[in-house]
Amino acid sequence: MNREKQKKRVGLPELRVNGTEEVVLRFAPNPNGPLSIGHSRGVVINSEFAKMYSGKVILRFDDTDTKIKPPLPSAYTSIEDEFEWISGVKPDVVIRASSRMDVYLEHAENMISQGFCYVCNCSASEFKSLRDNMLACPCRENNVELNLDRWKMMILGEIEEGGSVVRVKTGLDLPNPALRDWPALRIQHTPHPIVGDKYKVWPLLDFQSAVEDHLQGVTHIVRGKDLMDSTRKQTLLYEHLGWKYPETLYWGRVKLHEFGGFSTSSIRESIEKGEFSGWDDPRLPTVSALRRRGYAPEAIREFWIELGLTQKDISISMQTIDSKNAKIIDSEAARRSFVEEPVNLNLVHPEGYGGIDDVVRLNNHPDYPEMGHREWGLERRTIQISKNDYFEGVVRLKDYADVEIRGENAIFISREKSGDVQIIHWNSSDSCVKAEIIVPTDDGNIILHGVIEDSEYAVGEIVQLERMGFAKVESTDPENGNIGLIWLHG
RNA sequence: GCUCGUGUGGUGUAGUUCGGUCCAUCAUGUCGCCCUCUCGAGGCGACGACCCGGGUUCAAAUCCCGGCACGAGCACCA
């Protein structure tokens with residue numbers, strides 16, 4: 001065996017590819033809300049595989065449930081946008097299940113005609129008890145003509161919701177009860193937010209997805225292992241049709257320590273109840289929140305690629321993403337000074353007014369002098385330090401001077417650093433403006449008030465606040481000079 | 001309960017297909033040191049794992065059997 005000496009494999013594993021076929025993957029979310037962090041795994045894995053094999057990735061909206069998880073119209077565009085943001089590429093094909101209804105219905109009717117699907121009028125609970133005992137329901141033996149009649153009634157809206165369902169015939173002795181004569185289409189009279197009340201019969205995921213994957217030529221399905229039974233159901237359907245089922249890979253469930261379990265439906269509910277400001281509330285595990293806070297999509301990609309495709313259920317910390325993100329943004333984030341709860345101090349020189357500089361120069365980045373510098377005026381001779389840093393004694397004003405703080409005065413000692421004194425960050429009254437930082441915490445979003453050094457801030461710019469961490473500029477106010485920031489991470 | 005799946009350091013992950021070169025990879029984390037006028041970045045070092053029990057074998061993280069633990073599915077949701 002030609003084993004490499006203990007090397008860690010990097011990147012995604014190889015896919016099993018059939019000859020020279022083009023690899024076609026898909027990411028198929030329900031547009032019942034924008035994407036969550038969990039969804040981003042599907043975007044990354046599928047789009048990365050497409051990149052690896054120069055294949056295609058389809059973005060498909062599985063929006064065939066009008067009732068329990070109804071689509072949110074605004075989510076279609078959000079998801080398309082978020083897909084591109086995360087993956088760095090546009091999906092090769094975008095398709096909506098709800099706009100393909102005629103195709104699904106036609107396939108269903110054909111399958112009924114061929115006799116391997118039937119209309120079942122049993123209630124869900126009646127069917128379940130029969131199924132659990134490996135018994136056929138009375139509808140199973142109806143002839144094709146009767147099934148077709150009932151199908152017409154379903155289509156025409158002559159049957160109540162729950163009144164009947166189309167089932168795929170499978171072995172009733174299958175060990176897994178979930179697979180026995182599984183339901184493929186059901187009746188929904190609730191109008192669809194996009195296509196309205198045109199259709200009364202809607203396919204369930206297992207059917208819609210199975211048909212569409214085949215029609216789109218999907219070669220590889222990569223999805224969560226909660227859909228393993230779905231694969232088995234669909235394989236049974238493919239056998240009826242003589243189709244070849246795509247290669248399928250799974251990933252396990254992921255929990256983020258900081259967020260716990262979450263679902264799009266529960267987030268949507270919380271937002272609607274007003275518990276969060278919106279989908280991009282920084283406390284939320286949504287893609288829009290990460291994006292708003294300033295995460296680099298590369299960090300999210302690296303994170304999911306590194307986790308790979310294990311079927312283990314894992315619980316992982318945001319620290320891992322933060323660490324990747326920090327490495328990516330550190331070299332480009334200018335250092336800036338934000339003083340929270342500022343305390344004003346008079347900068348005085350023991351030998352008189354003239355002993356203090358009128359301007360001080362600071363580099364924008366300690367490791368990259370080519371990023372330039374900024375200059376702070378000191379003519380007013382007042383500085384601000386954070387209330388948290390205030391104490392009477394000697395401190396080093398970072399990149400400027402040692403001073404002794406006594407009462408409301410900071411008495412100049414020397415430009416040079418004299419030994420082992422604490423370094424604190426500060427601002428000059430001449431060169432700072434008011435600023436606020438939104439910080440998500442367990443107790444809600446809190447706002448830090450203070451002053452930030454004056455600069456040409458651009459909305460969207462990421463800065464590293466001295467001695468605090470990374471933050472993104474969210475708003476600038478040319479009138480009053482106020483800067484609004486949002487916390488990223490340390 | 002039934003069905004399916006998974007078990008490698010604190011957290012993740014490589015290695016398991018084809019048993020040896022694995023006193024087990026890498027990242028993250030924690031701790032220590034160095035560097036640095038940030039609690040950032042960088043450098044060095046340390047800590048720390050093959051679920052348990054049998055079996056096969058000269059040799060098992062890797063194969064077999066039996067446990068145990070955890071998770072998911074068992075929706076006319078996706």
Side-chain angles (χ1 to χ4, degrees), chain A residues 1-10 13 28-32 61-65 67-71 97 120 122-125 127-128 131-132 161-167 174-180 182-188 201-202 204-206 208-209 223-233 250 252-255 257 263-265 302-303 306-308 310-317 319-324 326-327 329-331 333 335 337 362-363 365-368 396-402 416-417 421-425 464-470 489-490:
Chain A
M1 175 172 185
N2 53 343
R3 173 180 284 155
E4 296 280 318
K5 174 76 177 177
Q6 273 139 290
K7 276 282 193 323
K8 181 173 163 67
R9 195 205 70 233
V10 289
N30 178 350
N32 62 335
F61 293 106
D62 280 352
D63 57 346
T64 59
D65 175 21
K67 200 168 183 178
I68 298 170
K69 294 178 182 171
C120 170
C122 301
S123 72
S125 59
F127 184 83
K128 180 175 162 47
R131 181 198 70 180
D132 289 348
E161 284 189 9
S164 43
V165 59
V166 176
R167 296 187 179 283
L174 255 21
N176 187 346
L179 312 184
R180 297 174 198 153
W182 54 272
L185 303 98
R186 81 318 207 168
I187 295 168
Q188 293 187 128
V201 179
W202 287 83
L204 285 146
L205 167 92
D206 296 315
Q208 176 272 129
S209 176
R223 58 184 172 195
K225 69 174 187 178
D226 51 313
L227 260 20
M228 276 182 166
D229 281 352
S230 190
T231 299
R232 298 182 185 107
K233 289 181 199 173
Y250 306 95
R253 186 190 172 90
V254 175
K255 268 188 194 155
H257 291 154
S263 68
T264 303
S265 315
E302 282 177 23
F303 174 75
E306 198 169 291
L307 291 205
T310 64
Q311 292 185 28
K312 274 198 281 189
D313 300 309
I314 57 171
S315 185
I316 196 164
S317 167
Q319 276 187 342
T320 309
I321 300 182
D322 292 351
S323 156
K324 292 193 178 308
K327 286 185 176 65
I329 62 178
D330 181 73
S331 61
R335 270 50 176 173
S337 178
L362 305 97
N363 280 334
H365 196 298
D367 307 322
Y368 303 97
R396 174 78 184 170
L397 300 178
K398 187 171 185 301
D399 292 317
Y400 176 50
D402 285 6
E416 292 71 42
K417 193 177 173 219
V421 294
Q422 192 194 337
I423 297 166
I424 63 170
H425 64 290
Q464 192 197 93
L465 304 174
E466 300 274 13
R467 298 214 298 141
M468 292 181 68
F470 296 96
H489 54 70

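Just so we're on the same page: letters track the sequence lines, and every chain starts at 1. Note that the structure is predicted; figures quoted are calculated from it, not measured.
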Judged by each residue's nearest nucleotide on RNA chain B, which is more toward the 5′ side, A:Ser323 or A:Leu307?
A:Leu307

Position toward the 5' end of RNA chain B (nearest nucleotide), A:Gly162 or A:Asp399:
A:Asp399

Would you kindly give the [atom1]-to-[atom2] distance between [X] and [N], to the nearest whole Å?
| X | N | atom1 | atom2 | result |
| --- | --- | --- | --- | --- |
| A:Arg131 | B:C76 | CZ | P | 7 Å |
| A:Lys128 | B:A75 | NZ | P | 5 Å |
| A:Arg253 | B:U11 | CZ | C1' | 18 Å |
| A:Asp330 | B:G42 | CG | C1' | 9 Å |
| A:His489 | B:G40 | NE2 | C1' | 11 Å |
| A:Arg9 | B:U8 | CZ | P | 16 Å |
| A:Ile424 | B:U38 | CD1 | P | 14 Å |

Flag, side chain of A:Gln464 to backbone of A:Ile329, donor-acceptor distance under 3.5 Å
no

Does any N or O in the side chain of A:His365 come within less than 3.5 Å of the main-chain N or O of A:Asp330, such that one atom is a donor and the other an acceptor?
yes

side-chain contact (heavy atoms from CB on, under 4.5 Å) between A:Arg186 and A:Trp202, intermediate numbers included
CA-CA 6 Å; A:Arg186 81 318 207 168; A:Trp202 287 83; 3.6 Å; yes

Of the non-hydrogen atoms in A:Arg131 and A:Ala178, which two are nearest, and what is the gap between them?
NH1-CA, 4.2 Å

Note: [X]-[Y] ion pair, threshold 4.0 Å (strictly below):
| X | Y | answer |
| --- | --- | --- |
| A:Asp63 | A:Lys69 | no |
| A:Asp206 | A:Arg232 | no |
| A:Lys233 | A:Asp229 | no |

Side-chain donor or acceptor of A:Asp226 under 3.5 Å from a matching atom on the base of B:G5?
no

Counting distance alone, no hydrogens or angles: does the base of B:U11 have a donor or acceptor under 3.5 Å from a partner atom on the side chain of A:Gln319?
no

Could you summarise the pairing of RNA chain B as dot-bracket text, marking Watson-Crick and G-U pairs under 3.5 Å with ( ) or [ ] inside the strand and | across strands?
(((((((..(((.......[.....)))((((((.......))))))...(((((..]....))))))))))))....

Looking only at B:A75, B:G5, B:G40, the nucleotide nearest the A:Ile68 side chain is B:A75

Under 4.0 Å between any heavy atoms, over every strand shown, what does A:Arg396 touch: base, sugar-phosphate, or nothing? Just pick one.
base

